[in-house]
J.: 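This is the structure, below, for whatever I ask next.
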Amino acid sequence: MPREGSERGLVEAFLKRGYNVVANSRHITKASPFAASSNLALVDGDIGDRSTAVKIVDTAVSKFGKIDVLINNAGVFIPKPFTEYTTEDFDTLVSTTLAGFLYVSQLAIRQMLQQKSGSIINISTTLVDQPIAGVGAAVQIMLKGA
């Protein structure tokens, strides 16, 4: 999760307020910009892989006992014209943006239902509402909008 500024800011804001946080990105344990803390757990892995979603939810429950909030903020940006997208580009976007959302949300919701509490925040992209002329983002907009 915390590759970009907004993701990192979310983690830092929750930690600053005393919340427990499980943060994810493909190589977060190697690239972590965060100080070690008993309130923070880092999970490496591609969110488009269901086993990563399982690790995230299992880590939250085993380390912190519950899941109060899930923030779906994962994304991939491949700026190129719609007609130049490869199958690999599209598969990467669908895996991260849609499959990742589905897997981690399903598992978190199951836990939240058992707890009888919890919230999910889904973050899209400003390009959905305010496209930038000249930036090839049609496929991103289509998937983030979904």
J.: To the nearest 0.5 angstrom, please state how far the OG atom of Ser25 sits from the CG atom of Asn73.
T.: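 So the gap between those two atoms works out to 12.0 Å.
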J.: Residues two or more places apart in sequence or in another chain: which of them pass side chain to side chain contact (heavy atoms under 4.5 Å, CB included) with Ser62?
T.: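 With neighbours one apart ignored, the set is empty.
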J.: Can you name the residues that form a side chain to side chain donor-acceptor pair (under 3.5 Å) with Glu12, not counting sequence neighbours?
T.: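 Glu12 satisfies side chain to side chain donor-acceptor pair (under 3.5 Å) with Arg8 once adjacent residues are dropped.
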J.: Going by atom type alone, with no hydrogens or angles, which donor-acceptor pairs under 3.5 Å involve a side-chain atom of residues 115-122 and a protein atom two or more places apart or on another chain?
T.:
residue: Gln115; atom: OE1; partner: Ile67; partner atom: N; Å: 2.7
residue: Gln115; atom: OE1; partner: Gln111; partner atom: NE2; Å: 3.0
residue: Gln115; atom: NE2; partner: Ile67; partner atom: O; Å: 2.8
residue: Gln115; atom: NE2; partner: Ser117; partner atom: O; Å: 3.2
residue: Asn122; atom: OD1; partner: Asn72; partner atom: ND2; Å: 2.8

J.: Could you pull out all residues at least two apart from Lys63 that satisfy salt bridge (Lys or Arg N to Asp or Glu O under 4.0 Å)?
T.: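 Here no residue qualifies.
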J.: Which residues pass the salt bridge (Lys or Arg N to Asp or Glu O under 4.0 Å) test with Asp49, sequence neighbours left out?
T.: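 Checked Asp49 against salt bridge (Lys or Arg N to Asp or Glu O under 4.0 Å); zero matches.
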J.: CE/Met112 to NZ/Lys66 distance, rounded to the nearest 0.5 angstrom?
T.: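 Spacing of CE (Met112) from NZ (Lys66) equals 11.0 Å.
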J.: Between Thr97 (side chain) and Gly75 (backbone), is there a donor-acceptor pair under 3.5 Å?
T.: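 Between the backbone of Gly75 and the side chain of Thr97 there is no qualifying donor-acceptor contact (under 3.5 Å).
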J.: Show me the pairs that pass salt bridge (charged side-chain N to carboxylate O under 4.0 Å, His left out) and involve residues 84-94, at least two apart or across chains.
T.: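 Of all non-adjacent pairs touching residues 84-94, those that pass salt bridge (charged side-chain N to carboxylate O under 4.0 Å, His left out) are Lys80-Asp89.
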J.: Mind checking whether Phe101 and Ile47 sit in one hydrophobic cluster, side chains of I, L, V, M, F, W, Y counted as touching below 4.5 Å?
T.: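 No.
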J.: Asp44: which residues meet the side chain to side chain contact (heavy atoms under 4.5 Å, CB included) condition with it, sequence neighbours left out?
T.: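 Listed in chain order: Ile28, Thr29.
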J.: When you group the ILVMFWY residues by side-chain heavy-atom contacts below 4.5 Å and let the links chain together, are Ile56 and Leu107 in the same group?
T.: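 In one cluster: yes.
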J.: Is Leu102 isolated, or which residues cluster with it under the ILVMFWY side-chain rule of less than 4.5 Å, directly or via members?
T.: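 Its cluster partners, ordered by chain and number, are Tyr103.
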J.: Work out which heavy atom in Gly48 is nearest to a heavy atom in Ala99; give both atom names and the distance.
T.: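 Heavy-atom minimum between the residues: O-CB, 4.2 Å.
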J.: Among all residues two or more places apart in sequence or in another chain, which pass the ring pair (Phe, Tyr, Trp, His ring centres under 6.0 Å) test with Tyr19?
T.: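 Per chain and number, Tyr19 pairs via ring pair (Phe, Tyr, Trp, His ring centres under 6.0 Å) with Phe14.
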J.: Minimum heavy-atom separation for Gly18 and Asn39, please, with both atom names.
T.: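 Reported closest heavy-atom pair: O-ND2, 3.3 Å.
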J.: Determine the minimum heavy-atom distance between Leu40 and Ala35, stating which atoms define it.
T.: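 In terms of heavy atoms, the two residues are closest at CD2-O, 4.0 Å.
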J.: Measure across Val22 and Phe64 and return the closest heavy-atom pair with its distance rounded to 0.1 Å.
T.: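 Reported closest heavy-atom pair: CG2-CE1, 3.8 Å.
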J.: Which pair of non-hydrogen atoms, one from Leu70 and one from Ala108, has the smallest distance, and what is that distance?
T.: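 Reported closest heavy-atom pair: CD2-CB, 3.8 Å.
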